[in-house]
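Notes follow the structure.
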2 protein chains.
Amino acid sequence: MKQLIEERQGESAARCGHTPVLHAPPVLPVHEGDCEIEGQRVRFAQHALVFLEGDPADRIFQVVDGAVMLYKLLPDGRRQVVELLGPGDIFGLSFKPSFDSSAETLTPTLVTSFERTAVERSPNFLARLNRCVQSQICALHEHAVLLGRKSALERVASFLMRFVPLHICPTHHGREQLFATIRLSMTRQEIADYLGLTIETVSRAFSELRRRGIVSLERQDEVKINHVCGICRLTGTH
Amino acid sequence: MKQLIEERQGESAARCGHTPVLHAPPVLPVHEGDCEIEGQRVRFAQHALVFLEGDPADRIFQVVDGAVMLYKLLPDGRRQVVELLGPGDIFGLSFKPSFDSSAETLTPTLVTSFERTAVERSPNFLARLNRCVQSQICALHEHAVLLGRKSALERVASFLMRFVPLHICPTHHGREQLFATIRLSMTRQEIADYLGLTIETVSRAFSELRRRGIVSLERQDEVKINHVCGICRLTGTH
DNA sequence: CGTCATTTTGAATCGTATCAACTATCGTGG
DNA sequence: CCACGATAGTTGATACGATTCAAAATGACG
C-alpha cells in the first residue's frame, strides 16, 4: 500500500491535467452488459492533481478507492471546493470541451478513467452515470444550502456528519451517548475552502465543539465525535 | 383565466456563466430514434408550485417555456434557492424515491413531464438527459463559488450577468458602452434566497450599482444594464 | 532536540444581518 | 381616473458574526 503512494507525486503535478497512458498496466475491460468500455486504472498519490480547470475534457473518472476534491479558483486566488468525492463517485463531467473545475486527491486514490466519447455511446454506462449524477446533484443542492444559509458552526457540524456512517443519529434514539471516530484527511485550509469559511473560523468552530465536549481531537485530522446526536442537532437540518 | 405564453426572459436562465448557449430546441413528443416516450404537457401559472420536497419522485420535468426555481428549506424557515431553470432544462431528478427540493414557477411556464421509469429505460433519452445534467452540474459548481466566496456586490453582479444573452462582454472589446435590458421576474426575496443574502442587502447592492451608473431600474423587476462590461468586472470572475 | 509548517488563539475591523421606519408600486373598487 | 390599502422595495442605525492581522502553541519530521 505504501509503495503505491509514492508512484507519481511529482509528475502529475507537473503535467497538469489529463493523465496520459503511462506504463501503467492494469487496463480492465469493464464488461457492462452488452457493451464493453475500456476502463483504465490509474493510481494517484495523496494531494496529486488529476486535472486542472480548463484542461480538455476527453476522459471521465470514477473513484474506486480514496477521496478526491473538485475546486474552482477565482482570478484573485479565492478558492471554493465544490465537491468531495469517494468510492463510486464520478467526476470529470462537463458540458463544455474542457473541465469546469480542477480535481485533486485528498488521499492516495485509485480511479478508473473512461474515454468520454465511448461512455456517451454506451447505454448501460449512461444509465449508471445517470444514477451517480443524480446523487451528486442532490449533494450539490445540500451544499448550496450550507453555503448560502448556514452559520459557521452549522457548517462544521454538517461537515462532520458527512463522515458519520449511515447516519446513526435518527435511528438510535435510545442511546444518546453514541460516538464515532473519523479521519478527515483534509487540512483546515481545504475544509475552510469547502465550507466557504477561513481556516481561523473553522479552527474556532472545532474548538467550540471541543469546549462543549461534543468532539475530541485525537490528532489533527482525526476527530472523535462523543455525541453524534449533539452534532446532528447543530447542523441546522433537524 | 390566465393567458399564458408571454415573453421569455433572457434566454439562458439556468446556464452556467460563460456559455455560448446553443439550446436544444424544445422538442416535444420526443421521438428519439427507435424509442418514443410519452411526454405530457402541463401549463403552470406564475408562482405555481410544481412539487414539494419530499413528494414522491415518479416523474421528471423539462421546461419548454418559462422559468422555474428549485429551493430547499431549513426547519427554521431559512430558504435557499438552489437552481434557476429555463427552456430545455430538466428538473425533478433525484436519487431517492422523493424529490430533494421544491419546484416553483417564476413566470407562466410550460413543462413536459415524463414518467421516471420510462425515462430510465430509454437510451436516447438518457443521452439527452446526460448532456442536460452536465450543464446543470457546471452551473451548480459556479453557484457554489458564488455562495462560498463572493461578496454581496459580486453576487448581484454575477446574477445580472446570467441574463445578458450570449455574454457580450468579452467578445466585443471595441464597444465599451454596451447595454441590455433584462426582466428579472423574481422578487427581491427570491433573488436574496438565490444569492444567500437578505432582501435588504440585495436592495443595497442594486442601489449601489445605480449610484455608479452601471444600471438603471426601469421597473421593479426590469433592469437596464448601461455598461455590461462594468457589471462583468464586478462579478469577481474576470 | 530544533526547525518548519500547521493550527490555535486573541484583538481589531469589516461586511452583512437585523430591526425599524419610510417610500414606491401594484391592484382594486368607488 | 383617482383614492385607497396592501405589498414590495428602499434606506438608515445598530448589532453581530466572520474575517483579518498578529502572535503563540502544537504537531510533524529529520
Side-chain angles (χ1 to χ4, degrees), chain A residues 2 5-6 9 46-47 74 76-80 106 146-160 183-212 215-224 234 236, chain B residues 2-3 45-47 74 76-80 106-107 146-160 183-212 215-224 234 236:
Chain A
K2 199 64 179 163
I5 300 175
E6 259 58 272
Q9 175 104 50
Q46 189 165 27
H47 298 127
L74 290 175
D76 62 0
R78 282 175 286 180
R79 181 174 76 160
Q80 179 64 46
L106 292 170
L146 181 147
L147 293 173
R149 291 300 179 209
K150 290 190 180 177
S151 71
L153 199 63
E154 288 174 328
R155 294 184 199 200
V156 171
S158 306
F159 174 71
L160 289 177
R183 149 80 41 96
L184 302 181
S185 60
M186 289 173 79
T187 65
R188 291 287 181 275
Q189 186 63 63
E190 287 161 347
I191 297 171
D193 287 346
Y194 179 60
L195 300 179
L197 300 169
T198 58
I199 23 176
E200 293 95 329
T201 303
V202 171
S203 184
R204 277 183 245 273
F206 273 119
S207 300
E208 176 61 25
L209 291 176
R210 206 177 14 166
R211 213 169 296 124
R212 298 195 196 177
V215 307
S216 329
L217 302 185
E218 312 282 89
R219 248 179 292 163
Q220 283 195 348
D221 76 335
E222 209 167 291
V223 180
K224 180 172 172 210
L234 289 173
Chain B
K2 210 96 211 232
Q3 191 49 273
Q46 190 164 27
H47 298 128
L74 290 176
D76 63 0
R78 282 174 287 179
R79 182 174 76 159
Q80 178 64 45
L106 293 170
T107 62
L146 181 147
L147 293 173
R149 290 301 181 208
K150 290 189 180 179
S151 71
L153 198 64
E154 288 174 328
R155 294 185 199 200
V156 172
S158 305
F159 174 70
L160 290 176
R183 149 80 42 96
L184 302 181
S185 60
M186 289 172 80
T187 65
R188 291 285 182 276
Q189 186 62 65
E190 287 162 347
I191 296 171
D193 287 346
Y194 179 59
L195 299 179
L197 300 169
T198 58
I199 24 176
E200 292 95 330
T201 303
V202 171
S203 184
R204 279 184 243 272
F206 274 119
S207 300
E208 176 62 24
L209 292 176
R210 207 176 13 165
R211 214 170 294 126
R212 298 194 196 178
V215 307
S216 331
L217 302 185
E218 314 280 89
R219 249 181 292 165
Q220 283 195 351
D221 77 334
E222 209 168 290
V223 180
K224 180 170 172 213
L234 289 173

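Residue numbers begin at 1 in each chain, while the letters A, B, ... track the order of the sequences. Bear in mind that the values here come from a model prediction, so they are computed numbers and not experimental data.
- Look at CG on A:D193: it is 14 Å from C1' on D:dT19, rounded to the nearest Å.
- Annotation: of the two residues near DNA chain C, B:A152 and B:R219, the 5′-most nearest-nucleotide partner is B:A152.
- The line from CG of A:L197 to OG of A:S203 is 11.5 Å long, rounded to the nearest 0.5 Å.
- Whole-Å rounding puts the A:Q46 CD to D:dA28 P distance at 13 Å.
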*asked:* side chain to side chain contact (heavy atoms under 4.5 Å, CB included) for A:Q80 and B:K150? Distances and angles first, verdict last.
replied: CA-CA 10 Å; A:Q80 179 64 46; B:K150 290 189 180 179; over 6 Å; no
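- Pairing each heavy atom of B:T198 with each of B:A192, the nearest pair is C-CB, 3.5 Å.
- Taking side-chain N and O atoms only, B:T198 has no distance below 4.0 Å to OP1 or OP2 of C:dT16.
- When rounded to the nearest whole Å, the span between CD1 of B:I191 and P of D:dA8 equals 13 Å.
- The CG-P distance, from B:L197 to C:dT18, rounds to 11 Å in whole Å.
- Counting only distance, with no hydrogens or angles, the side chain of B:R78 and the backbone of A:R149 share a donor-acceptor pair below 3.5 Å.
- Between B:L153 atom CG and C:dG15 atom P there is a gap of 11 Å when expressed in whole angstrom units.
- Between the side chains of A:R204 and A:T201, no donor-acceptor pair is found at a separation under 3.5 Å.
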*Spell out protein contact along nucleotides 2-13 of chain C as letters: B when the base is contacted, S when just the sugar-phosphate is, - when no protein heavy atom is under 4.0 Å; keep the 5' to 3' order.*
----SSBBBB--
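- Taking atom CG of residue A:D221 and atom C1' of nucleotide D:dT26, one finds them 15 Å apart after rounding to whole Å.
- Residue B:E208 contributes atom CD, which lies 14 Å from atom P of D:dT10 at whole-angstrom precision.
- Atoms CG and CZ, on B:L184 and B:F206 in that order, are 5.5 Å from each other to the nearest 0.5 Å.
- Nearest-nucleotide mapping onto DNA chain D: of A:E218 and A:G196, the residue sitting toward the 5' end is A:G196.
- Of the possible polar contacts, none joining the B:E218 side chain to the B:V223 backbone as a donor-acceptor pair under 3.5 Å is found.
- Atom CZ in B:R78 sits about 13 Å away from atom C1' in C:dA17, given to the nearest Å.
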